[in-house]
**Student:** 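Structure incoming, see below.
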Amino acid sequence: MQTRGVNTRLDLSPAIRIGLIGGIVTLLMCLIGIVEVSDVRAVIYPFLSLGDTLLLIAYMLFCSMAVQRMLATSGGKLPRLWVVGSGALAGLLISAFLAGLVLIGNWIDLRPVFIRASPQLYALLTFGLSPDNLMLGIIANLLFGLALGALVGAVYLLPERLRRALVLGLALIPLFSILGSAFFAQRGLSPLAALIVFVVGAGASYLWGGVGGTVKQRIASLPPARQRAYKVGQLVLMALVVLLLPLSGPYPSQVLDLVGLYVLMGLGLNIVVGFAGLLDLGYVAFFALGAYTMGILTSPEIQWATVQWFGVTFTFWMALPFAVLVAILAGIILGVPVLGMRGDYLAIVTLGFGEIIRIVALSDWLKPYIGGSNGITRIPRPVIGPIDFNSPGSLYYLIVIGCLLAAFVAVRVKDSRLGRAWMALREDEDVAQAMGIDLVKTKLLAFATGAAFSGLGGAFFATMIGSIYPHSFTLMISINALCVIIVGGMGSVPGVLLGAAVLVGLPEILREFSEYRLLLFGAALVLMMLTRPEGLLPEARRKLELHEAEAETPDESGDKQITVPA
Amino acid sequence: MLQRLKRRISGTKLAMWLIGLVILAVVIYGAINTLIWGQYTFAQWLDLSIYGIAQGGIYALIALGYTLVYGILRMINFAHSEVFMAGPFIGYFVITAMNQAGWFDRGWGLTIAGLAIILMIAMAVSLVIAVGLERIAYRPLRRAPRLVPLITAIGASYFLQYAFLGLFGSNVKGYPDIDLLKGTWNVLGVDILRTQVVVIVAALFFLAILYVFVQRTKTGKAMQAVSEDKDTAALMGIDVNRIIVITFLVGGALAGAAGFFYALLFRQVKFDMGFFPGIKAFTAAVLGGIGNVVGAMLGGMFLGVTESLFPNLVLDGVCGWGTTGCIPAPYQLKDALAFIMLVLVLIFRPTGILGERLATKKA
């Protein structure tokens, strides 16, 4: 342990701490079953499964965190040996947890308590050596952790440009593999394909690292007209991609429909939460009302509202305005009693409202009218003249039109008088009122606009699925929509697109994870709030707000003892 | 302009009052009809009330966790319902193991000792989770805008719920039937289910202890001081961080106890069992006036009793005397009641039964 740095005593505690945390997290991953469940899908066929990949990612993430922290605490004066060494130490610690699990699991059966602690998991962790050559397997596991950690540490000795290229190349392999198997029903990349992806990805990144800055500069130095042309070109390209996506098949189209619905709802909720700062956890209520209105009016099963009242059966297009109208009315009706409430009370009351709608829809009381737990089935698909929107692919275009409408409203309203009133409301209600903003009108308008889009989404949902049940309208929908805008960046319209694609599209593609979707949601929300509360594509103003507080109060009475690892 | 605004606000207030009066009239009309009709006997009402008190005791214990944390941090600890779930969930594994080892077949003494041990374990688990949450998820965000910790709490709630699902499975786990708790006891001439007696007595015991702790001990007084004014309390030599940890600790332990009683009463645990009791306990805390310890106790009891009486008392009679069946299966609407009451309370008395005015713009 020779250290020739300035500090003669080398403090290894950051690496040890992160290694321990990594060990616990990885252990949890194994026991929750996410590793084992995803083991059936190959990333590089036939060598590397998705389960292995997850473990590898966990190892690499925590080892690199350990190295980074060590580099940061030592002020960049860490001896080269210990750059490698701290990574190896963290890797060894992670392995120690997993080895401990395998050892204990082989000694006593853990399955009565931890249902996922199966022999398959132990075999996976010990390279297939577990039941027969237990000790060999455990040693292999420990050595693997040591070696991988050292490797990660060694990468930090490389120049940054090369390191980035390597990381990007590696990250592209699982990405391509997963997308490939989702859209083309393939069983993972072949080793050669994986190598090509890696080389191309890493090479492109390396080259971009050389010329990327100058390319950006050159674009920035172009005359404004040309720049606008570039932007228009980008938009046209994006539009083409969006329009061509459903051609990839019926299943991806279904996923796209769902993503589109969440974009629609996210844009609506963005107005309520992102613009006006009213945390609405009962957003599903309007979604449900829109869907039920559509169902009641168009399904041939339900006659009381259509044949008996109006003497006609409604088509999709006749029912659509009613669905939106009902949602808007509900938004206003909910809005009135909660006008004077603060954020967190508002959250609980709106949550309650969503649950009331679901419970009432589920009860026997209204069963003759809205089907109770049997729901409403046989909801027809929309038809325009000769075009029958009866496939997920064609319905997708309708949803895109709805999204465009919502995005248009959101963008136009944002900088209008009303949008600025909402933002003032979000900042400080009292001051906003003092500035002459009509609180009642402004708040109700926010609720009504948000509800309208949710109702529209509900109507699309009803016709997309063809049948609706109270079970479809749980709190989860509200939480999903909220996550979409938080992950994307509250108040930002492109953020909603990104958030929906990441949070709704990704879990659909990774079907093995559907069981863990909420777990990952929860973890993502917490991590997001701790490290990047402004979201992935934040709105500039909001970003400033969230970081202003930190700048003002750097450390106050020991409140900020934790510094979150970057 | 101001005049017009004033008029419109009072207009919406008027409308709200009208809605409230209509609801009140319906409730009274339904109750009177049901009572005159006499479909239920006195003994049935008594059973329902006692069940309601047992339920209310549990709500009160959970509500204390919300109220204490809200009083000090001004945040709704959304993950408290998972703190409530975690204790009895781990307790399940212990009680099953003990039951299989025949612990509960060896007489009174051992049975009571065994139950006490499981109660302790449940409290300890919940306490650890509550304190861990504070340390990992809430403490770094103490100065953040108010939506940020709330969203963190929602995330933590989902994370915990589904971590338990992944670790221990999604099936309902049944608590064993313990001989001592089978059947009824005769208390003051009324036959009451033994589990209900145990739950009511134990809940009242914990409520009393908490009351004494908050009102009489030095730490309890420090907690009150911190919830009044954090900065001044710090100037008076109170370690605010320590008090916040203690608050989460006490709230967590009470939630664990409540969870264990809940498991005894309903004899089952599940990963998502915390959601409804959690929401209802929050309602109870608001009912009593959030931040107020006695209020949370009263609110919990009130909500429990109302919830068990209301479906039969009001909904059966709401269509007029003797006409049963216009609302079939009224108990299905039980869960909606808590939310309706929450909305009503926040409209008409945002301060709750015993609280100061917090629901509106203050803080």
Side-chain angles (χ1 to χ4, degrees), chain A residues 28 31-34 113-116 277 279 336-345 347-349 351-353 355-356 359-360 362-365 367 429-430 436 438 440 479 482 486 515-516 518-519 521-526 528-530 533 545-546 549 553 556-562 564, chain B residues 1 5 8-9 12 15-16 19 75-76 93 137 139-152 154-163 165-169 234 240-241 279 282-283 286 327-330 332-333 335-336 338-340 342-343 346-347 350 358-363:
Chain A
L28 204 63
L31 284 178
I32 280 170
I34 198 165
V113 178
F114 298 106
I115 53 164
R116 301 284 189 177
L279 185 59
V336 171
V338 299
L339 278 174
M341 276 176 210
R342 280 189 46 210
D344 25 19
Y345 279 83
I348 298 283
V349 171
L351 186 155
F353 185 65
E355 286 295 310
I356 290 174
I359 292 168
V360 169
L362 193 59
S363 72
D364 289 345
W365 175 31
K367 196 167 182 174
E429 247 174 56
D430 296 332
D438 184 344
V440 176
I479 301 283
L482 187 67
I486 289 167
E515 200 179 323
Y516 304 103
L518 296 174
L519 179 91
F521 264 5
L525 274 189
V526 175
M528 197 96 201
M529 286 299 115
L530 288 175
E545 274 164 34
L546 281 165
T553 52
E556 214 168 316
S557 65
D559 271 350
K560 292 192 79 80
Q561 282 170 350
I562 295 185
V564 181
Chain B
M1 186 75 186
L5 196 76
R8 278 170 70 176
I9 286 182
T12 53
M16 273 153 46
I19 298 169
M75 73 168 274
I76 296 172
F93 295 111
R139 192 180 296 184
L141 299 174
R142 221 173 268 163
R143 303 263 161 184
R146 59 170 200 239
L147 274 190
V148 173
L150 181 67
I151 292 166
T152 312
I154 294 173
S157 162
Y158 273 92
F159 177 78
L160 282 174
Q161 236 184 70
Y162 286 87
L165 166 71
L167 288 174
F168 307 114
V240 174
N241 264 333
I279 292 288
F282 177 77
T283 308
V286 175
I327 297 182
Q332 286 174 336
L333 298 171
D335 288 335
F339 299 121
I340 294 172
L342 176 66
V343 176
L346 285 176
I347 292 171
L358 279 175
T360 46
K361 288 154 207 154
K362 195 182 154 185

**Student:** Considering only heavy atoms and a distance below 4.5 Å, find which of L525(A), I356(A), L518(A) pairs most often with chain B.
**Tutor:** L518(A)
**Student:** Minimum heavy-atom separation for Y158(B) to G522(A), with atom names?
**Tutor:** CB-CA, 4.1 Å
**Student:** If you look at every heavy atom in L141(B) and M529(A), which pair is closest and at what distance?
**Tutor:** CD2-O, 3.6 Å
**Student:** Can you name the nearest heavy-atom pair linking V526(A) to A137(B), along with the distance?
**Tutor:**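 Minimum heavy-atom separation between V526(A) and A137(B): CG1-CB, 4.4 Å.
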**Student:** Need one label for L167(B): side chain, backbone, both or neither, based on atoms under 4.5 Å from any heavy atom in chain A.
**Tutor:** both
**Student:** Need one label for L351(A): side chain, backbone, both or neither, based on atoms under 4.5 Å from any heavy atom in chain B.
**Tutor:**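 When you check distances to chain B, only side chain atoms of L351(A) fall under 4.5 Å.
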**Student:** Please flag which part of I486(A) lies under 4.5 Å from any non-hydrogen atom of chain B: side chain, backbone, both or neither.
**Tutor:** side chain
**Student:** Which residue out of L362(A), L31(A), V113(A), V360(A) racks up the most heavy-atom pairs below 4.5 Å with chain B?
**Tutor:**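 With the most close heavy-atom pairs to chain B, the winner is V113(A).
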**Student:** Could you tell me which of A156(B), G169(B), P149(B), A336(B) has the largest number of non-hydrogen atom pairs under 4.5 Å with chain A?
**Tutor:** A336(B)
**Student:** Check whether F168(B) gets within reach of chain A through its side chain, its backbone, both or neither, counting any heavy atom under 4.5 Å.
**Tutor:** both
**Student:** Measure the CD1-CD1 distance between I151(B) and I479(A) for me, rounded to the nearest 0.5 Å.
**Tutor:**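 Those atoms lie 9.5 Å apart.
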**Student:** Checking heavy atoms, do the side chain of F114(A), its backbone, both or neither come under 4.5 Å from chain B?
**Tutor:**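 F114(A) touches chain B through backbone and side-chain heavy atoms alike.
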**Student:** Which pair of heavy atoms, one from L519(A) and one from A163(B), lies closest together, and at what distance?
**Tutor:** CD1-N, 3.1 Å
**Student:** Quick check for you: among G352(A), A524(A), G33(A), which has the greatest number of heavy-atom pairs under 4.5 Å with chain B?
**Tutor:**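 Among the listed options, the one with the most contacts to chain B is G352(A).
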